[in-house]
2 protein chains.
Amino acid sequence: MTAGLTIGRAARAAGVGVETIRFYERQRLVAQPPKPEGAGVRLYPADTVERIRFIKDAQELGFSLREIHELLALRADPAADCSDVRERATAKLDDVQRKIQRLQDIGAALERLIAACPGRGGLHACSIMDALTHHSGDGGTACCSNPSQTTKGVHR
Amino acid sequence: MTAGLTIGRAARAAGVGVETIRFYERQRLVAQPPKPEGAGVRLYPADTVERIRFIKDAQELGFSLREIHELLALRADPAADCSDVRERATAKLDDVQRKIQRLQDIGAALERLIAACPGRGGLHACSIMDALTHHSGDGGTACCSNPSQTTKGVHR
DNA sequence: GTGGGGTCCGTACCTAAGTACGGAATCAAG
DNA sequence: CTTGATTCCGTACTTAGGTACGGACCCCAC
């Protein structure tokens with residue numbers, strides 16, 4: 001069993017900064033390993049690196065740190081109140097499935113957008129909003145009316 | 001064609017606060033309708049309500065306002081550089097598909113967690129991290145070792 | 001055994017995305 | 001035509017999630 005990684009190596013392995021790990025420790029999202037007797041430096045198990053990666057992943061999927069903490073706290077062991085764990089896990093699963101559904105809608109809209117691009121004829125969809133809302137096939141030319149609101153200087 | 005909604009009604013329809021709409025206007029995420037000649041109040045088309053809903057949805061899926069602006073700016077009309085639009089749309093689509101993949105992994109892990117709950121025998125998975133990492137079926141009892149890091153006071 | 005990098009810890013600072021505030025103007029119901 | 005709710009606009013404040021800084025300490029290679 002390898003002893004573990006120093007915080008710097010752990011951070012590099014997880015793709016975050018050292019300060020981020022410390023921040024997560026303060027938020028109790030990851031456990032702070034004990035400092036060895038007398039003096040020395042804390043060593044992080046590979047486990048923690050996985051945990052941090054999960055946190056970053058979940059964050060990109062729109063979960064807040066609080067929600068991620070709830071996800072990580074879910075554990076099915078016979079010593080816990082199973083019906084409670086089931087309930088919370090089921091709620092999270094619903095959440096996840098709703099997100100998947102919406103992403104699939106957006107994905108389909110993007111595909112329509114891509115397909116409509118060098119249209120040579122039809123020109124069915126023009127913006128994502130169009131592709132999402134009146135996504136019914138055909139419809140002829142009733143699209144691309146007001147070409148305002150394009151890219152022009154957002155955020156500084 | 002209905003004239004439109006006042007900012008308050010539009011906000012209620014979109015499920016956000018008035019101040020949020022004004023904030024989005026400042027960020028150029030939604031267009032500010034013109035104030036009628038002389039005096040009066042701005043009227044928002046139903047269109048804008050849809051747009052705001054989309055923004056909120058996309059945000060829950062982990063897109064930043066900047067990314068959402070990019071998504072909304074994508075439009076396939078023959079007057080635009082199609083290869084550029086295709087490229088950006090394809091990149092966004094990849095993004096979306098990666099997110100779906102990761103959500104499906106998490107969903108599967110949650111399902112394993114739920115299934116393992118009133119285990120009566122096996123007890124295969126215990127935390128999401130376990131269910132995500134050594135998710136191979138069977139394996140016997142090597143699970144649920146250290147029940148530390150449970151729920152105990154995060155964020156005030 | 002010393003020099004340079006890494007760790008430790010506390011505090012300060014930063015960006016994104018709102019949210020609240022306050023005073024003037026405007027609208028709509030009675 | 002008053003009164004109460006909205007709108008309008010600018011500026012200030014807040015919260016989440018980090019990031020940076022500074023001084024003390026530690027550890028490893030030379």
Side-chain angles (χ1 to χ4, degrees), chain A residues 3-45 48 51-72 153-156, chain B residues 3-45 48 51-72 153-156:
Chain A
L5 307 165
T6 64
I7 195 171
R9 291 183 183 286
R12 231 164 300 126
V16 302
V18 167
E19 299 306 323
T20 302
I21 295 187
R22 286 206 227 280
F23 174 73
Y24 288 166
E25 286 173 346
R26 262 177 274 137
Q27 306 301 304
R28 307 212 149 273
L29 267 165
V30 309
Q32 185 176 52
K35 203 148 69 166
E37 326 278 316
V41 82
R42 297 178 198 283
L43 291 178
Y44 294 75
T48 297
R51 199 172 166 99
I52 295 167
R53 274 199 219 283
F54 174 81
I55 293 167
K56 289 319 253 181
D57 271 19
Q59 224 174 4
E60 297 230 314
L61 299 172
F63 293 99
S64 67
L65 292 189
R66 178 185 290 274
E67 288 171 318
I68 292 167
H69 189 275
E70 287 166 12
L71 274 171
L72 287 168
V154 181
H155 291 309
R156 83 193 79 282
Chain B
L5 307 163
T6 65
I7 195 170
R9 290 184 183 287
R12 232 165 299 126
V16 302
V18 167
E19 300 307 322
T20 301
I21 296 187
R22 285 206 228 280
F23 174 73
Y24 288 167
E25 287 174 345
R26 263 177 273 136
Q27 305 302 304
R28 308 212 146 274
L29 267 164
V30 308
Q32 185 177 52
K35 202 149 69 166
E37 326 279 313
V41 81
R42 297 178 197 283
L43 291 179
Y44 294 75
T48 296
R51 199 173 168 99
I52 294 168
R53 274 199 219 282
F54 174 80
I55 293 168
K56 290 318 254 181
D57 272 19
Q59 224 172 4
E60 297 229 315
L61 299 172
F63 294 99
S64 67
L65 293 189
R66 178 185 291 274
E67 288 170 319
I68 292 168
H69 189 276
E70 286 166 13
L71 274 170
L72 287 168
V154 180
H155 292 308
R156 83 196 81 281

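Every chain is numbered from 1 and lettered A, B, ... according to where its sequence line falls, protein lines coming before strand lines. Hydrogens, waters and symmetry mates are skipped; everything else that's a heavy atom, side chains included, is used.
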Test item: A/Phe23 and A/Glu19 side chains (from C-beta on) under 4.5 Å apart, heavy atoms: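 SC-SC contact between A/Phe23 and A/Glu19 ruled out.
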
Rounding to an integer number of Å, can you tell me how far [X] [atom1] sits from [N] [atom2]?
{"X": "B/Arg26", "N": "D/dT11", "atom1": "CZ", "atom2": "P", "result": "11 Å"}
{"X": "B/Phe23", "N": "D/dT14", "atom1": "CZ", "atom2": "P", "result": "17 Å"}
{"X": "A/Arg66", "N": "D/dG17", "atom1": "CZ", "atom2": "P", "result": "9 Å"}
{"X": "A/His69", "N": "D/dA16", "atom1": "NE2", "atom2": "P", "result": "15 Å"}
{"X": "B/Phe63", "N": "C/dA17", "atom1": "CZ", "atom2": "P", "result": "13 Å"}
{"X": "B/Gln27", "N": "C/dT19", "atom1": "CD", "atom2": "P", "result": "13 Å"}
{"X": "A/Arg42", "N": "D/dC25", "atom1": "CZ", "atom2": "P", "result": "16 Å"}
{"X": "B/Ile52", "N": "C/dG18", "atom1": "CD1", "atom2": "P", "result": "11 Å"}

How far apart are the closest heavy atoms of [X] and [Y], and which atoms are they?
{"X": "B/Val41", "Y": "B/Pro36", "value": "O-CD, 3.4 Å"}
{"X": "A/Leu29", "Y": "A/Arg51", "value": "O-NE, 2.8 Å"}
{"X": "B/Glu67", "Y": "B/Phe63", "value": "OE1-CA, 3.3 Å"}
{"X": "A/Glu25", "Y": "A/Ala31", "value": "OE2-O, 4.3 Å"}
{"X": "A/Ile68", "Y": "A/Ile55", "value": "CD1-O, 3.5 Å"}
{"X": "B/Ile21", "Y": "B/Tyr44", "value": "CG2-CE2, 4.1 Å"}

Does [N] have OP1 or OP2 under 4.0 Å away from a side-chain N or O of [X]?
{"X": "B/Lys35", "N": "D/dT7", "value": "no"}
{"X": "A/Tyr24", "N": "D/dG17", "value": "no"}
{"X": "B/Gln32", "N": "D/dC8", "value": "no"}
{"X": "A/Thr6", "N": "C/dT7", "value": "yes"}

To the nearest 10 degrees, what angle separates the axes at the start and end of the helix from C/dG1-D/dC30 to C/dG30-D/dC1, five pairs each?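 End-to-end axis angle: 20°.
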
Rounded distance [0.5 Å steps], [atom1] in [X] versus [atom2] in [Y]:
{"X": "B/Glu70", "Y": "B/Arg66", "atom1": "CD", "atom2": "CZ", "value": "7.0 Å"}
{"X": "B/Arg28", "Y": "B/His69", "atom1": "CZ", "atom2": "NE2", "value": "8.5 Å"}
{"X": "A/Leu65", "Y": "A/Leu71", "atom1": "CG", "atom2": "CG", "value": "11.5 Å"}
{"X": "B/Thr48", "Y": "B/Arg42", "atom1": "OG1", "atom2": "CZ", "value": "12.5 Å"}

Can you figure out which of C/dC9, C/dT7, D/dG17 approaches the side chain of A/Ile7 most closely?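 When the side chain of A/Ile7 is considered, C/dT7 is the closest of C/dC9, C/dT7, D/dG17.
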
Give a yes or no answer on whether the side chain of A/Arg53 reaches the backbone of A/Ala13 with a donor-acceptor pair at less than 3.5 Å.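 At least one qualifying donor-acceptor pair exists.
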
5′-ward residue of the pair B/Gln59/A/Arg9 relative to DNA chain C: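 Nearest-nucleotide comparison on DNA chain C picks A/Arg9.
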
Using heavy atoms and a sub-4.0 Å distance, could you list which residues of residues 11-22 of chain A are near DNA chain D? By number, please.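 Nucleic-acid contacts, sorted: A/Glu19, A/Thr20.
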
Could you list, one pair per line, each protein nitrogen or oxygen that sits under 3.5 Å from a nitrogen or oxygen of nucleotides 27-30 of chain C, together with the distance?
{"residue": "C/dC27", "atom": "OP1", "partner": "B/Gly40", "partner atom": "N", "Å": "3.2"}

